[in-house]
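Only a predicted model underlies this, so the values are computations on that prediction, with no experimental measurement involved. Just so it is clear: chains get the letters A, B, ... in the order the sequence lines come, proteins before strands, and each one is counted from 1.
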Amino acid sequence: MCMGRGGRVAEGRDSAYSGGFKMTATIAPRPSFPHRHLLGIEGLSPLDITALLDMADEAVEVSRQVEKKRTTLRGRTQINLFFEPSTRTQSSFEIAGKRLGADVMNMSVASSSVKKGETLIDTAATLNAMRPDIIVVRHHAAGAVHLLARKVDCAVINAGDGAHEHPTQALLDALTIRRNKGRIEGLIVAICGDVLHSRVARSNIILLQALGARVRCVGPSTLLPAGIERFGVEVYTDMRRGLADADIVMMLRLQRERMNGSFVPSVKEYFRYFGLDREKLSYAKPDALVMHPGPMNRGVEIDSEVADGAQSLIREQVEMGVAVRMATLEALARNLPNG
Amino acid sequence: MNSPTTSEARPLVFTNARLVDPASGREAPGAMLVQNGAIADIAWDEPVRPGPAEAEVVDCGGLVLAPGLVDMRAFVGEPGAEHRETLKTASEAAAAGGVTTVVCMPDTDPVVDEPSIVDFLLRRARDTAIVNIHPAAALTKGLEGREMTEFGLLMEAGAVAFTDGARSVTNAQVMRRALTYARDFGALILHHTEDPDLVGSGVMNEGELATRLGLPGVPREAEIIMLERDLRLVRLTGARYHAAMVSCATSVALIERAKAEGLPVTCGVSINNLTLNETDIGDYRTFLKLSPPLRSEEDRLAVVDALARGVIDVVVSDHNPQDVETKRLPFAEAADGAVGLETMLSAGLRLVHAGHISLAGLFAAMASRPAALLGLPAGRLAVGAPADLILLDPDEPYVLDKANLHSRSKNTPFDEARLEGRVLKTFVAGRKVHDISLAS
């Protein structure tokens, strides 16, 4: 089980990273990915992360060709098990699996027996009996994917569990940053908005720090989790100060039910103080780049002008998502029996 | 199940014992005679004293002979949830753990809020249980926190205390009236102090670890605010009040101040909060999902220290059997609670072995003080006291295997834990109800 406390040992591993994406073709024996599942960024070494990013760089090239189909996962069965509705993550995993030649089956909660009272464990046991090779799971409860991983024989990828982790999102964000800035080490990354409920924020904090970035969390105190400063991040409740000299501005989605009085008083007030518009963005470095895991609430946490502007990487993040998921599927498939 | 027939039982003579009497704090070698279900004679500093010729002799071999434990807080599934626990299985777990008196909580189905249900429990216990069972009755009807129950009639029926179990009475007016009315009867109120609104969706201690696990947290203030309110109401009403389980340093300080002021206040702590902390949750282990939640190591050390100083009066098992259906779930969706009757003494001995508290001090918190609070004659080694006794090897090491637990539910936080100190024999009213050498 990859749940150690070893996620933040960035020092001394930078040489493994300095190869960057341009050199991957010349690295002869790829470092293996020594994990059976991908349940979180926590527990991955910087070397593991870099290996995945390097593979993802190659997957980007594959996806940009006319002939995108590979045979890496031919004969393998991939089940996308989504207990929470998702459009982009689920389709991203589906496309990634298909490009690698896997047989992909989507199972979402609305059409499943979970609604009839079947437990998570029973669902896991049922699917396991169908002999899949990889299960991709999203669940609304933190730790649910870990629980499921203990009950199946195949590889498990966490596609988001509650407010815990969303590792492939953090990997795709890191890939996007690395391809645009050429590095991650030393960059100032401001993660802004609803950090409290965000698995994207947690995975990103751990990953970016492991690769040597300076991470800030920016948001109203009602949306910052207890003990967040113990993660080694800088905490700001003033957006302009939090964005000062930032290289990357990473916005988080604010869910509708949290907008009206429970965590912030109103959309209007939230946008005024924490919505990313050109004026606030001007406090970041002139070449700062803007990211958002999607789906965006335009006019709530981000202004359309910024979302669609020249500094935005939001579309590229989606492309990188497919590449990172291809890399993850391939890395885990190599560790499967007879793989 | 054969009920205790004390009048016919042979007298018992314990020889070569290390007698531990928490009521007096006395600890010395000695011998003891038990007759008619009660302690008939104690020979302090005499390893052997001959008893009647027909007596059965138990050579204690220098091991500890002490009063059986009195557990003020156990949830038993009967009536309504017999698939998790019955009075019979709970009492067998208790006997194996050295607990000879169990106070069962009223949040059963139906709720213990009427004298007839107290009567049912006592009769059921008489017929099926092998240790003493004393029901605690509901503080409010249906545990709804709105109308108080019939304290007088319930006490006449045999209720030893009043509590809404794992629920807090949030309405201060209701609590004030209940405390005021309880004072007239000298009734003991046990209160779970957690503000449900501040708990919200929280499932573990609020802080860095909860944030890392992506789980919503329970702030200490949920407990502290409710406790502070209660202490003000006790000052107003003068009722006997017992905070069921404190879990953090601030609560300890509040209790200490209230006692210094002379308020009729006592408090308990769960064995879990004394011996585990939030990091034991590890990889989402639902058997460690508890209410109050496991706190930080600093808080744990604060409650251990408070226990050693007597600020915390009582240690409870907070025995709460849960089955696979309620525990084998994602952490936030799993039920609260852990079984504890069978392990509370072994776990508590960790504090003795670590030098935090004396053996007599531990037995005071687990036997004599709860007995005194409840007005029961148990929990002490004295002539005339009931012969509720345990023979304990305080040093025997073992690894707990949950499959061996007597409780019908196996949700122990100590599965595969290395424990030191084991109950070898348990006697209730002079009758042997547990013998480890006969267990499988």
Engineer: With rounding to the nearest 0.5 Å, note down the distance linking CZ in Arg212(B) to CD1 in Ile206(A).
Structural biologist: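 Answer for the CZ-CD1 pair, Arg212(B) versus Ile206(A), is 6.0 Å.
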Engineer: Taking Gly143(A), Pro225(A), Ala141(A), Gly227(A) one by one, which has the highest count of heavy-atom pairs under 4.5 Å against chain B?
Structural biologist: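 That would be Gly143(A).
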Engineer: Side chains of Glu333(B) and His140(A): does their closest heavy-atom pair fall under 4.5 Å?
Structural biologist: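 In short, these two side chains touch, coming nearer than 4.5 Å.
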Engineer: In this structure, are over 12 heavy atoms from other groups packed under 6.0 Å from Arg88(A) atom CZ?
Structural biologist: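 Atom CZ in Arg88(A) is packed in, count exceeds 12.
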Engineer: Chain B heavy atoms under 4.5 Å from His139(A): which part of the residue, side chain, backbone, both or neither?
Structural biologist: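 Interface part for His139(A): side chain.
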Engineer: Give the minimum heavy-atom separation between Leu120(A) and Pro330(B), together with the two atoms involved.
Structural biologist: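 Here Leu120(A) and Pro330(B) meet closest at CD2-CG, 3.8 Å.
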Engineer: Against chain B, label Arg202(A) side chain, backbone, both or neither, depending on which of its atoms sit under 4.5 Å from a heavy atom there.
Structural biologist: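 Side chain of Arg202(A) only, per the 4.5 Å heavy-atom cut-off to chain B.
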Engineer: Of all the heavy-atom pairs spanning Ala226(A) and Thr211(B), show the shortest one and how long it is.
Structural biologist: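 In this case the closest contact between Ala226(A) and Thr211(B) is O-OG1, 2.6 Å.
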Engineer: Are Arg150(A) and Asp283(B) close enough that some pair of their side-chain heavy atoms sits under 4.5 Å apart?
Structural biologist: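 Of all side-chain heavy-atom pairs linking Asp283(B) with Arg150(A), at least one is under 4.5 Å.
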Engineer: Ring centroid separation for Phe331(B) and His164(A), is it under 6.0 angstrom?
Structural biologist: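 Between His164(A) and Phe331(B), which both carry aromatic rings, the centre distance is not below 6.0 Å.
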Engineer: Working to the nearest 0.5 angstrom, can you tell me the gap between Leu329(B) CG and Thr119(A) OG1?
Structural biologist: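 OG1 of Thr119(A) is found 7.0 Å from CG of Leu329(B).
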Engineer: Does CD in Gln173(B) sit with more than 12 non-hydrogen atoms of other residues, nucleotides or ligands closer than 6.0 Å?
Structural biologist: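 Atom CD in Gln173(B) is crowded, with more than 12 foreign heavy atoms closer than 6.0 Å.
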